[in-house]
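Computed from a prediction, not measured in an experiment: that's the story for all the values here. So you know, we letter chains A, B, ... as the sequences are listed, proteins then strands, and number each from 1.
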Amino acid sequence: MTSINRAMFFVSSRTNKIQKRIVKMEYDFREVEKKWQAYWAANKTYKTEDNSSKPKYFVLDMFPYPSGAGLHVGHPLGYIASDIFARYKRLKGFNVLHPMGYDSFGLPAEQYAIQTGQHPRITTENNIARYREQLDKIGFSFDWDREVRTSDPQYYKWTQWIFIQLFNSWYNKKSNKAEKIETLIAEFEKAGNGSINAACELTETFSSSDWNAFSEKDRSDVLLNYRLAFLSNTMVNWCPQLGTVLANEEVKEGVSERGGYPVERKLMKQWSLRITAYADRLLTDLDALDWTESIKEAQRNWIGKSEGTSLKFKIQESSIKNQDLTDTCIEVFTTRPDTIFGVSFVTLAPEHELVEKLTTPEQKKAVDEYITFAKNRSERERMADVKKITGVFTGAYVIHPFTGKQVPIWIGDYVLAGYGTGAVMAVPAHDSRDYAFADYFGINKLVIIQPSVDWDFADKSYDEKEGKLINSDFLNGLEVKAAIKKIIAVIEERGLGKGKTNFRLRDAIFGRQRYWGEPIPVYYENGIPKVVSENELPLLLPEVDKYLPTETGEPPLARAKDWKYKGEFEYEYSTMPGWAGSSWYFLRYMDAHNDKTFASKKAIDYWQNVDLYIGGAEHATGHLLYIRFWTKFLNDLGLIPVAEPAKKLINQGMIQGVSSFAYKLALSIHSSSATAGEELDPHLIPPIIISKSLHEKLWDKSISTDELVALDEFLLNITQIVKKQSSGKLGEVKYFSVSPSYPIHVDVNFVQNNILDKDEFKIFKNGEFKDALFYDNGNENYICGSEVEKMSKSKWNVVSPDKIVEEQGADCLRLYEMFLGPLEQSKPWSTSGISGVSNFIRKLWRLYHNGDELNISNEPATRPELKTLHKTIKKIAQDIENFSFNTSVSSFMICVNELTEFKCNKREVLEPLAILMAPYAPHIAEELWNKLGNTESITYATFPICNEDYLVESSFNYPISFNGKTRFFQEYDRSLSKEDVEKEVLNLDQTQKYLEGKAPKKVIVVHNKIVNIVI
RNA sequence: GCGGAUGUGGCGUAAUGGCAGCCGCGCCAGACUUAGGAUCUGGUGCCGUAAGGCGUGGGGGUUCGAGUCCCUUCAUCCGCACCA
C-alpha cells in the first residue's frame, strides 16, 4: 500500500467509526462537556457568598505564572485534586471558597519583551487568556469573579500598601511583634535607643538629646536600621546577564535558577525585608502546622537556628600596629565552647574588617594576594571546589582566654563573612573543616575529647558531641554536654562572651533591577528615602521605550520620561521581586474587588485563612516562607486574625517530562526557523545528537553539503519512526521529542552507511557538548537515551492537556491524572493507561442507558446492589478525606463493574452514584443527574451517607492458616464465638490433614478475621 | 556531610500487623464482527506437567502472624551544604 492509499484508508475508516458512534449514541463527551461548562459559567454555579450560615472552607491552589508555553499536564494535577476536595466539601454542606488567579509579574514576559519589544502586559494578557481557556476546558469549580492578577494595578496597589506598612514598622523583641515606627520614634525622643530591644543591626546607642539633635538625614539613616523594609548596603547575588539581583533561593549551584546564568557576589544598596526578625517565630510555629514533614524540615534547615556562644579573644599587644584600632578583641561564634582548650588557631573570613589592621608587614603581600584571589573567586568556583583548601597567615596572634598562650590568626575562605561574626576559633581535632585546614597548613591539633570508641586522629577529626574532656584544665573528666554547660557559665562570669543564637536565614533582598514588577512606592528627597502617601497608590508602572537597563546601568524604570514624584523627586527605580504579590494573595480572594482596603475586615474575619493549600514542593523555602512572614506581620499589626496562611498543605508531585536525546537538528533551526543574524539563547536550543566526526567538522566548519543532506536524512528517519509510533506529526512541530515508551531503534546498517560513527556520539545540550547516552542493545541496534526531568518549556518536553481533553474529554483527564498514583508522588507523564479510564467512563454511561435510551427503574434496589453502593460511598468519603484520590478511581471502577454485572438500573443506586462521581467527573455526573430529572445543578446536592447495615454479612469466610500460611477457607456465622470457631475448625477433616496427627501447639482465632494454628 | 522521601509482577499501582498483588495498562486465548483504537468472556507474580515451592531491595529482630513495627545495610530521587 502506498502512503497515499494508506492515508485514504485511514481517513475513510475513521469516518465510518465516527458515523457508527453517532448511530450507537455512545457518550458524547464533547457535547456534554461543552454544554455544562457553558451552563456553569452562565449560572455562576461556583460563585461563593461571603454570608452564609454554612461553615466555611477555603481551598486554595498555588496560582500559576502564566507562561508562554501554556498549561502543561503537571499544572492540573494539583488543581484537579483541590477541585475534587472543594466539590466534595460543597456536597458536604460547606460554604467553599475555591478561587484562582495569576502570579503575573515575572521574568519570562520581560525577557520576551526585551527580545521582541512587545509590552509584557500584552504578552501576559495573551498568556492569561490562553490559560483561562485551558482551565475552563477542564471543568474546574473556580469562582472566577474573585480572580486576582498580581500585575493588575488594583491588586498591586495593595502589595505596595503592605510594603509601606513594612517600611513604617519595626520589630519589638520585648513584645515579640512588629509595631508602628511612631512608637519607636516617640521612645527615641523620650529616652534614646538605650532600652530598646529591636531586630536591628545598629550597635551604637544614643540618648534622647542625641536623637533630637540629629539631622533629618541622620534620623532617616538610624530608622532604616529598624524598619522592616529598609535600604542598606548588602552583599547580593548579582546576575549580569539578567541585569538584576537574585534571592538566595533563586540561585542554584552558583547560577541563576531561571536561565542558568552565572551569578556573582556584589555589594549594592538594596531594599530588603527584615524577615530575620521573624526567624524564631517562623521556626516554632511550624510545629503546629499540618504540613508535610519534608517541607517543615526544609524550612527548619533554611532558617538554620543554631545555639552557641560568642567568645572574645584578646589580640596580642604586639599585633596591634594601628593606634586607632579601638576594638582589641576578635569575637567568634561557636556551638562547641567545650572545645576551647583545643583551639590551635583563629580564622577570619577574607572580608573581615580586622584583616587589614592585623596583618604584619611581613605577611602583607601574601595577605593582599590572597584577598584579591578570594574576591575574584566567583561563588560558582567556590562551590565547585569546596574541598580545595585556601588560606593565609596574618602574622598576628590572639591570646587564649584561659591558657594565656598565643594563638595564630589565619584567613580562610571557608569562613563566611555573613554568618556569625565572620570569625571562628579553630579546633582541628574536633571539627572536620578546621582539621582539613590545619592538616593542609601543618598546624598542630590538640585532642581534648576522649572518644568512647577507638579513634585515629591521624586520619580524621572527632566531631561527635560525646566523650570525656581531657587536657582541658577545669573541664577535665566532664562529659561533653556537662562541659558545655560549665564553660558557658565561666565565659559569662568572666565577661568573655555570652550564650547566643544564630540563624542561617538572611534578610530578604526586595529590589529587582527589572521592569515587569511592582514599583517600590518610594521616592528620594535630598537623598532621604520616603514612601509615597497611601492615597496616591497605586504607583503605576510607567511606560518605557526599552525594557533594558540604561547606558549608565540604572534599572529600566530610569528610562521612564517625566516620572517624578510631585514632578520633582526621583522615584526608586527597582521593582519588587516575583514573590511580593504572592505573599498575600490568599487574603485578596476573600474580597477581591475592595478598593478601600486589601480585604474587608468582615471578609477576613469570616474566611480567616486557607484550610487546604495545594501546590508544588519547589516553593518550600521561597514562597511558603515569605507568605508566612507577611501573614505574621499583618497579624502583628492587627489587620488579620491569624498568624499562619494555611492550616494544611499538600504538595502534589511533579509530573515530569521525558526529554529525549534525539531531537530535530539544530542546523535546521539555523537554516529554517531562525532568522539570519538572530542570536539564539543556547539554553533554548534543544539537545542535538551528532556523531563525533561531525562534531569535529562542525567545529572547524568543514562539513560538506552531502554530509548535511545525509544528516538530515538520518534525522528524518528518526522522526518517521517517531511518527509511526507516537503519532507525532512531522512538519508541524519544529522540535521533536521522542515519547519514552517508544525508544528509537536505528538500523545498524543505516548507521554504518551514513555518517555516524558507532559508539561515538556527542550531545549538544544547554549550550555545551557532552557525551551522549547511546548504547548497544545487544542486537547491534542503537537506542536513544531519554531523561526524566522537570516539565519545562526550556527542556522541550512540555505536554499540554489540550490534546487529551480534545480526544478523550475533561472528565477522562481528571480521572486519569488522579489514577496515575498518589498525589504527592512525582511521576513521569505517560498516557499508556488512559484507555482504561476512557473505557470506564463509557461503561458508567452504559449503566444508565439501554442503547441510546435512558434506562432507569424506580424499583427498590437489591441488597447486593445496595452493598456495592454503600461500600463505595464509604470508600470515596474516606479517600477524599485522606487525599487518596487514586484509590477512589479504582473504587469507582469496582463499583461500576459490580453494578454492570448485577445489571443494576435502579434510581436508588444510580442517583447517589452520580453524586459520588460529581467531584471527580463533574460533566458526566451533571449530565446523568440532569437526565435523572433533577433541575438544579449537582454541585449543591447532598453527599450520600453510608449505611453500615448494608455492609455487614451474616457469615465470614475464615482463612485457616497453619504456621501463618493460609491453607483453606471455612465459612462460619459471624456471631459464632471465638471458642466455638476454634472447636469447629479443629474438627474439620482438612485441619486433621494439615496437622498430620500432631497436636496443635497453639490456636489463634481472631474473631471474623483469621484462624492460625501453630504446629 | 546533614536532612527528607522512595524501593512490591512486564508497567502505573493496592493492601486499619491478619488471604500480597485490588484497579488499570500490557500481554495470551476466545466470542461478536467486512473491519477494530469498539464491546464481551476467560487467563496472566515467579519456578514447576503437577503436587508443591518461592516471593514486597539485602541481612537480622519483635510477633501465633511482618510489605506494614524495630535494628542494620544497599540503591535511587529531592532539599540544604565549608553555617563554626
Side-chain angles (χ1 to χ4, degrees), chain A residues 9 13-14 16-17 20-21 24 26 249 252 292-302 304-306 308 332-336 339 347 382-383 386-389 412-416 418-427 431-434 436-437 463 502-506 617-618 620-621 653-654 656 741 788 807 816 819-822 824-828 830-840 842-843 846 878 884 886-894 897 900 957-969 1000-1006 1009-1015:
Chain A
F9 170 76
S13 77
R14 197 182 168 86
N16 279 346
K17 253 177 273 164
K20 227 169 216 169
R21 196 163 283 171
K24 276 179 77 184
E26 280 264 306
E249 57 276 17
K252 296 272 139 84
T292 58
E293 202 45 45
S294 65
I295 294 277
K296 293 209 260 185
E297 204 50 41
Q299 294 213 343
R300 288 188 191 111
N301 281 342
W302 193 262
K305 182 176 183 169
S306 84
V332 301
F333 175 74
T334 179
T335 55
R336 295 296 304 273
T339 60
T347 317
R382 218 164 134 165
M383 285 189 175
V386 159
K387 293 281 163 286
K388 190 173 165 191
I389 294 150
D413 72 354
Y414 80 98
V415 177
L416 305 175
Y419 184 80
T421 59
V424 300
M425 58 177 227
V427 185
D431 181 288
S432 52
R433 293 152 306 184
D434 298 339
F437 195 86
D463 297 11
N502 257 324
F503 291 95
R504 205 188 68 95
L505 185 72
R506 297 277 83 98
E618 67 273 21
T621 52
M654 216 184 331
Q656 293 138 318
S741 4
V788 171
E807 292 177 2
Y816 181 62
F819 190 56
L820 277 175
E824 300 188 70
Q825 203 166 296
S826 288
K827 51 232 153 193
S830 146
T831 53
S832 63
I834 203 163
S835 63
V837 173
S838 183
N839 291 344
F840 160 74
R842 281 198 291 271
K843 204 165 172 180
R846 284 200 297 274
Q878 268 174 4
S884 175
N886 55 325
T887 51
S888 283
V889 181
S890 122
S891 302
F892 283 131
M893 289 172 172
I894 295 167
N897 287 346
T900 303
N957 202 15
Y958 278 91
I960 314 297
S961 53
F962 293 80
N963 291 335
K965 267 192 189 20
T966 306
R967 295 300 178 177
F968 62 93
F969 292 87
K1001 275 188 194 146
K1002 201 172 181 181
V1003 180
I1004 287 114
V1005 179
V1006 183
K1009 206 146 235 174
I1010 200 168
V1011 176
N1012 190 20
I1013 299 168
V1014 186
I1015 308 169

Original post:
Hey, does A:Asn963 reach any base, or is it just sugar-phosphate, or nothing, if we go heavy atoms under 4.0 Å?
Top reply: nothing
Original post:
So what does A:Arg846 touch, heavy atoms closer than 4.0 Å: a base, only the sugar-phosphate, or nothing?
Top reply: sugar-phosphate
Original post:
Is the glycosidic angle of B:rG21 within 90° of 0, making it syn, or outside that range, making it anti?
Top reply: anti
Original post:
Between A:Asn897 and A:Lys843, do the side chains contain an N or O donor and an N or O acceptor separated by less than 3.5 Å?
Top reply: yes
**OP:** Between B:rG65, B:rC25, B:rG24, spot the one nearest the side chain of A:Asn839, thanks.
**Re:** B:rC25
**OP:** Name the nucleic acid region contacted by A:Val1014, choosing base, sugar-phosphate or nothing; use a 4.0 angstrom heavy-atom cut-off, strictly under.
**Re:** sugar-phosphate
Original post:
Which part of the nucleic acid, if any, lies within reach of A:Asn897 when heavy atoms closer than 4.0 Å are counted: base, sugar-phosphate only, or nothing?
Top reply: sugar-phosphate
Original post:
Taking atom C1' in both B:rC22 and B:rU33, what distance in whole Å separates the two?
Top reply: 33 Å
Subject >> Length of the line joining A:Phe840:CZ and B:rC25:C1', which is rounded to integer Å >> reply: 16 Å
Original post:
So A:Phe962 and A:Phe968, would you call those rings parallel, tilted or perpendicular, with 30° and 60° as cut-offs?
Top reply: tilted
Subject >> Residue matched to B:rG79 through Watson-Crick or wobble contacts both under 3.5 angstrom >> reply: B:rC2
Subject >> For atom CZ of A:Arg504 and atom C1' of B:rC80, their distance in whole Å >> reply: 6 Å
Subject >> Contact under 4.0 Å: A:Tyr419 side-chain N or O vs B:rA84 OP1/OP2 >> reply: yes
**OP:** Report yes if the side chains of A:Gln878 and A:Thr887 come closer than 4.5 Å at any heavy-atom pair, otherwise no.
**Re:** no
Original post:
Over how many whole Å does the gap from A:Ile1013 atom CD1 to B:rC19 atom C1' extend?
Top reply: 15 Å
**OP:** Check whether any side-chain heavy atom of A:Leu505 sits under 4.5 Å from a side-chain heavy atom of A:Lys305, and report yes or no.
**Re:** no
**OP:** Return the value, rounded to whole Å, for the distance between atom CZ of A:Arg967 and atom P of B:rG65.
**Re:** 15 Å
Original post:
Is B:rU39 paired to anything, Watson-Crick or G-U wobble with both distances less than 3.5 Å, and if yes, which nucleotide?
Top reply: B:rA31
**OP:** Among B:rA14, B:rC23, B:rA84, find the nucleotide with the atom closest to the side chain of A:Pro822.
**Re:** B:rA14
**OP:** Could you measure between the two P atoms, the one in B:rA50 and the one in B:rC40, and give it in whole Å?
**Re:** 31 Å
Original post:
Base, sugar-phosphate, or nothing: which does A:Phe892 touch, judged by heavy atoms less than 4.0 Å apart?
Top reply: nothing
Original post:
Considering heavy-atom distances to RNA chain B, does A:Asn1012 or A:Ala423 have its closest nucleotide positioned more toward the 5' end?
Top reply: A:Asn1012
**OP:** Would you classify A:Thr347 as touching base, sugar-phosphate or nothing, given that sugar-phosphate means primed atoms plus P, OP1 and OP2, and contacts are heavy atoms under 4.0 Å?
**Re:** nothing
Subject >> From A:Gln656 atom CD to A:Ser830 atom OG, the distance as rounded to the nearest 0.5 Å >> reply: 12.5 Å
**OP:** Determine: side-chain N/O of A:Arg842 to OP1/OP2 of B:rA38, distance under 4.0 Å, yes or no.
**Re:** no
Original post:
Counting side-chain heavy atoms from C-beta on, which of B:rC80, B:rC19, B:rC23 comes nearest to A:Ile894?
Top reply: B:rC23
**OP:** Mind calculating the distance between CE (A:Met654) and C1' (B:rG79) to the nearest angstrom?
**Re:** 11 Å
Original post:
Nearest of B:rU13, B:rC82, B:rG3 to any side-chain atom of A:Asn301?
Top reply: B:rG3
Subject >> Proximity to the side chain of A:Glu297 - top-ranked nucleotide from B:rG79, B:rC23, B:rG4 >> reply: B:rG4
**OP:** For A:Gly964 and for A:Val1006, locate the closest nucleotide of RNA chain B by heavy-atom distance; then report the residue assigned to the nucleotide nearer the 5' terminus.
**Re:** A:Val1006
Subject >> Reported OH-to-CG distance for the pair A:Tyr414 and A:Asp434, which is rounded to 0.5 angstrom >> reply: 4.0 Å
**OP:** With heavy atoms under 4.0 Å as the rule, sort A:Ser890 into base, sugar-phosphate or nothing.
**Re:** base
Subject >> Whole angstrom value for the distance that separates P of B:rA5 from NZ of A:Lys827 >> reply: 18 Å
Original post:
Nearest to the side chain of A:Asn886, which nucleotide is it out of B:rG18, B:rC22, B:rA14?
Top reply: B:rA14
**OP:** Can you tell me the distance, in whole Å, between the CD atom of A:Gln825 and the P atom of B:rC78?
**Re:** 14 Å
Subject >> Main-chain N/O of A:Pro822 paired to A:Lys827 side chain as donor or acceptor, under 3.5 Å >> reply: yes
**OP:** Find the distance A:Leu820:CG to B:rG24:P and express it as a whole number of Å.
**Re:** 16 Å
Original post:
Under 4.0 Å between a side-chain N or O of A:Ser306 and OP1 or OP2 of B:rA84?
Top reply: yes
